[in-house]
Amino acid sequence: MTTSNSDAIFSALADPTRRAILSLIGEHEELTAGEIAAQFDAVGRTAVSSHLRILRLAGLIAERREGRFRHYSVTSSPADAVVAFLTSVYQNSLDQLASAVQDASNVGGAASGEVGERSA
């Protein structure tokens with residue numbers, strides 16, 4: 001994932017309306033721009049078109065034209081890149097957490113074993 005591509009992806013995902021649009025498209029195999037716009041009362045068709053353009057330029061959705069209709073579907077490649085990036089960022093913390101849980105489990109097991117030996 002290049003820096004400019006990742007910037008476009010994160011910028012596109014920063015807006016709650018675009019996340020809602022992406023989620024809506026993700027719930028269906030494909031939706032037209034009109035079907036998407038109909039789901040948003042507080043957002044006009046022009047604004048929805050602008051959001052769709054930003055999502056498309058970021059590579060998060062694909063556009064297929066059929067006559068005068070534009071059909072949108074979710075693409076997985078950018079999402080995979082975002083997940084891989086976030087995983088790499090947090091992997092060290094996750095490893096440390098797993099190690100701490102393992103250490104706590106070992107200490108707890110040893111403590112309960114010592115109590116049992118004293119009771120016997």
Side-chain angles (χ1 to χ4, degrees):
M1 180 163 65
T2 65
T3 302
S4 63
N5 191 27
S6 65
D7 288 348
I9 292 168
F10 283 109
S11 178
L13 293 174
D15 185 273
T17 301
R18 286 193 285 273
R19 290 193 307 268
I21 290 170
L22 188 62
S23 179
L24 178 66
I25 297 170
E27 292 171 5
H28 301 84
E29 184 175 326
E30 191 176 69
L31 290 173
T32 65
E35 291 170 330
I36 296 165
Q39 299 297 313
F40 295 92
D41 295 331
V43 181
R45 289 182 179 269
T46 304
V48 169
S49 292
S50 178
H51 287 303
L52 289 169
R53 181 182 56 77
I54 292 167
L55 290 168
R56 184 178 49 79
L57 291 174
L60 294 166
I61 61 174
E63 177 186 82
R64 180 179 65 82
R65 294 182 183 200
E66 185 177 298
R68 64 183 187 101
F69 295 100
R70 294 178 185 202
H71 301 266
Y72 295 93
S73 59
V74 174
T75 59
S76 63
S77 297
D80 292 342
V82 168
V83 170
F85 170 75
L86 292 174
T87 300
S88 71
V89 168
Y90 290 103
Q91 190 60 51
N92 188 38
S93 295
L94 293 173
D95 291 343
Q96 289 176 355
L97 178 61
S99 179
V101 168
Q102 182 64 36
D103 290 347
S105 174
N106 290 340
V107 169
S112 65
E114 290 174 6
V115 170
E117 291 174 11
R118 289 182 187 164
S119 299

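It should be emphasised that the depicted structure is a prediction, and the values quoted were computed from it without experimental measurement.
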Original post:
Do the non-hydrogen side-chain atoms of E27 and S23 ever get within less than 4.5 Å of each other?
Top reply: yes
Original post:
Do Y72 and I21 have side chains that get closer than 4.5 Å, going by heavy atoms?
Top reply: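 They are not in contact (no side-chain heavy atoms under 4.5 Å apart), so the answer is no.
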Could you give the distance from [atom1] ([X]) to [atom2] ([Y]), rounded to the nearest 0.5 Å?
{"X": "L60", "Y": "S73", "atom1": "CG", "atom2": "OG", "result": "11.5 Å"}
{"X": "I25", "Y": "E35", "atom1": "CD1", "atom2": "CD", "result": "10.5 Å"}
{"X": "H51", "Y": "T46", "atom1": "NE2", "atom2": "OG1", "result": "11.0 Å"}
{"X": "Y90", "Y": "L97", "atom1": "OH", "atom2": "CG", "result": "13.5 Å"}
{"X": "L55", "Y": "I61", "atom1": "CG", "atom2": "CD1", "result": "4.5 Å"}
{"X": "L24", "Y": "T17", "atom1": "CG", "atom2": "OG1", "result": "12.0 Å"}

Original post:
Can you check side chain to side chain contact (heavy atoms under 4.5 Å, CB included) on T87 and L94, steps first, answer last?
Top reply: CA-CA 9 Å; T87 300; L94 293 173; 5.6 Å; no
Closest non-hydrogen atom pair, [X] against [Y]:
{"X": "E63", "Y": "R65", "answer": "OE1-NE, 3.3 Å"}
{"X": "A12", "Y": "I54", "answer": "CB-CG2, 3.9 Å"}
{"X": "A8", "Y": "A58", "answer": "O-CB, 3.6 Å"}
{"X": "E30", "Y": "H71", "answer": "CD-CB, 3.3 Å"}

For [Y], is there any backbone N or O sitting under 3.5 Å from a side-chain donor or acceptor partner on [X]?
{"X": "T75", "Y": "A62", "value": "no"}
{"X": "R19", "Y": "A14", "value": "yes"}
{"X": "S99", "Y": "D95", "value": "no"}

Subject >> L13 with V89, same ILVMFWY side-chain cluster at under 4.5 Å >> reply: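 L13 clusters together with V89.
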**OP:** Indicate, with yes or no, if V74 and F69 share a hydrophobic cluster defined by side-chain heavy-atom contacts under 4.5 Å among Ile, Leu, Val, Met, Phe, Trp and Tyr.
**Re:**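 Different clusters: F69 never reaches V74 through Ile, Leu, Val, Met, Phe, Trp or Tyr contacts under 4.5 Å.
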Original post:
Given L22 and R18, is the side chain to side chain contact (heavy atoms under 4.5 Å, CB included) satisfied, shown in steps?
Top reply: CA-CA 6 Å; L22 188 62; R18 286 193 285 273; over 6 Å; no
